[in-house]
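The structure under discussion appears below in the form of structure tokens.
This structure is a prediction, so every number in the text was calculated from the model and none was measured.
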Amino acid sequence: VHMSQMRLNQLTGRWVTIVAERAQRPTDFAPRTDLQALDIGRPCPFCPGNEEATPPALESVGTEGDWEIRVIPNLYPAFRGDDGFAVHHDGPVHVMAEGTGIHEVFVYSRHHDGSLDELDDRTAAQFMLTLKRRFAEHAGIPHIRYTQAIVNHGREAGASIAHPHGQLLGLPFVPGEVLDEERAFARFAGGCLLCTTVEAECATGERVVYVDDDVAILCPYWSGTPFEMLIVPRRHDQHLQDADDESLAAIGRALRDATAFLNEAIGDVAYNVGFHTAPHAHTGEYHWHIHVWPVLVTQAGFERGTGVLINVVPPEQAAETLRNAASLSGA
């Protein structure tokens, strides 16, 4: 293996650097620190029995007293209000807009110490079907252009409450990362960028963590961070909410399994999950997908200053480690 390689992230058009000569073993990444300190002295607002600590649920899966998933408005929204996106010039170079939009929390487990990797098949499917219903609802709201769903697991990944939950942010603009991806799909001449990526990866197999008829879990060729994964539906749909229930159930299981493999390979690490879907009114080329980014390294000045990520674990090595973990966990 050469000292380092530059690889183009086809989804964003940005370069990443793979440095293999100091390739690290999974044991070099410490599992995340204990989260108990977060919760001392206050009841958890997301636990069953404390429902009155949150605004009334927008949606609840399961019976009232025995819910499995709850979607609630965020008490501290980053985006709220329905004024649309009014851009103001605040002097010659300062351009601002109000942070209007929707901010929801979805609590996907009753269990305070639960996590994505512990969902059973049915709840994993419900997780995705609940997202589909929320995305469809957001898509019908005039000023919401894009909905970003995220799950932060662990304090290092930005979770401020230990109880498993995700967030849904309905935005009055399309964020830069997604604009970059839209441009990448438009630029790619050979059909769909992600359909082609899955075919190419299945042909070599070296970066495939898991694949079946419905879904592929890959360590992308252009991984910018160690053990990064890309979950791609085999069925080509632009928006998450375009996918049929069977496809979504399979994706839910794959997301659960991907986090379980990570857990098996490295221990209970913090991670971010990002769901990328076409903007609500988008009609060009796009293929919805999910990113899983373990939080194993911190960004240094070079990454910040240039936007070029340096990855010390080649994706081929990460995929092999995760495949081994998959066989250990009996998947």
Side-chain angles (χ1 to χ4, degrees), residues 1 5 7 16-35 108-109 113-121 124 127 150-159 162 164 166 197-198 201-202 204-212 215-232 250-275 289-299 309-331:
V1 178
Q5 275 184 357
R7 294 184 180 183
V16 296
T17 308
I18 309 274
V19 183
E21 92 270 12
R22 45 178 240 213
Q24 282 157 311
R25 299 173 303 285
T27 49
D28 293 347
F29 298 108
R32 64 199 182 88
T33 47
D34 191 19
L35 270 173
Y108 57 81
S109 171
D113 297 320
S115 53
L116 271 180
D117 58 280
E118 291 171 2
L119 298 180
D120 60 26
D121 285 2
F127 176 102
I150 52 169
V151 174
N152 300 328
H153 171 71
R155 193 172 196 169
E156 299 86 340
T197 297
V198 170
E201 292 301 354
C202 287
T204 74
E206 59 179 334
R207 286 173 293 272
V208 175
V209 176
Y210 172 84
V211 67
D212 63 24
V215 60
I217 306 175
L218 312 170
C219 288
Y221 178 77
W222 58 75
S223 299
T225 54
F227 294 91
E228 175 180 334
M229 282 180 272
L230 185 64
I231 301 176
V232 186
I251 305 291
R253 294 192 298 270
L255 176 58
R256 185 252 339 257
D257 292 344
T259 59
F261 302 158
L262 200 54
N263 222 324
E264 183 73 44
I266 310 180
D268 181 15
V269 294
Y271 56 78
N272 302 110
V273 179
F275 297 77
H289 56 278
I290 304 173
H291 295 276
V292 180
W293 295 290
V295 182
L296 297 169
V297 287
T298 50
Q299 277 203 346
L309 298 171
I310 297 179
N311 183 2
V312 295
V313 181
E316 297 76 15
Q317 184 191 329
E320 187 181 352
T321 304
L322 290 163
R323 283 195 302 273
N324 293 339
S327 60
L328 285 173
S329 65

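The main-chain N or O of S223 is found under 3.5 Å from a side-chain atom of N311 such that the two form a donor-acceptor pair.
For the pair I217 and M229, the tightest heavy-atom approach, listed with the atom from each and the gap, is CG2-SD, 3.7 Å. In plain terms, the two heavy atoms of P164 and S109 that are nearest each other are CG-CB, 4.0 Å. Across every non-hydrogen atom of V269 and Y271, the tightest pair is O-CD2, 3.5 Å. Nearest approach of G224 to E228, heavy atoms of both residues: N-OE1, 2.9 Å. Nearest heavy atoms, C219 versus V209: SG-CG2, 3.8 Å. Minimum interatomic distance between A258 and I231 (heavy atoms only, all atoms of both residues): CB-CD1, 4.0 Å.
Ion pairing of R256 with D120 is absent here, as no side-chain N (NZ or NE/NH1/NH2) approaches a carboxylate O to less than 4.0 Å.
Applying the salt bridge (charged side-chain N to carboxylate O under 4.0 Å, His left out) test to residues at least two apart or on different chains, the pairs with a partner in residues 309-318 are R7-E316, R207-E316.
Legend: residues meeting side chain to side chain contact (heavy atoms under 4.5 Å, CB included) with T298, ordered by chain and number and at least two apart, are absent. Annotation: salt bridge (Lys or Arg N to Asp or Glu O under 4.0 Å) contacts of R323 (sequence neighbours excluded): none. Under the rule for a side chain to side chain donor-acceptor pair (under 3.5 Å), the partners of S115 that lie at least two apart in sequence or sit in another chain are D117. Residues passing the side chain to side chain donor-acceptor pair (under 3.5 Å) test with R253, sequence neighbours excluded: none. A216 pairs by the side chain to side chain contact (heavy atoms under 4.5 Å, CB included) definition with V198, V211, L218, R234, not counting sequence neighbours.
Atom CD of E264 is separated from atom CG of L322 by 10.5 Å, given to the nearest 0.5 angstrom. The OH atom of Y221 sits 9.5 Å away from atom CD of E201, with the distance rounded to the nearest 0.5 Å. Atom CD1 in I266 sits 4.0 Å away from atom CZ in F227 (nearest 0.5 Å). Atoms CG and NE2, from L230 and H289 in turn, are 6.0 Å apart once rounded to the nearest 0.5 Å. D257 contributes atom CG, which lies 8.0 Å from atom CG of D121 (distance to the nearest 0.5 angstrom). Rounded to the nearest 0.5 Å, atoms CH2 (W293) and CD1 (I150) are 10.0 Å apart.
Residue V151 forms a side chain to side chain contact (heavy atoms under 4.5 Å, CB included) with just one option from L255, T259, V273, I290, and that option is V273.
No side-chain N or O of N272 forms a donor-acceptor pair with one of H291 less than 3.5 Å apart.
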- [ ] Could you check F261 against L328 for side chain to side chain contact (heavy atoms under 4.5 Å, CB included), going step by step and ending with a plain yes or no?
- [x] CA-CA 9 Å; F261 302 158; L328 285 173; over 6 Å; no

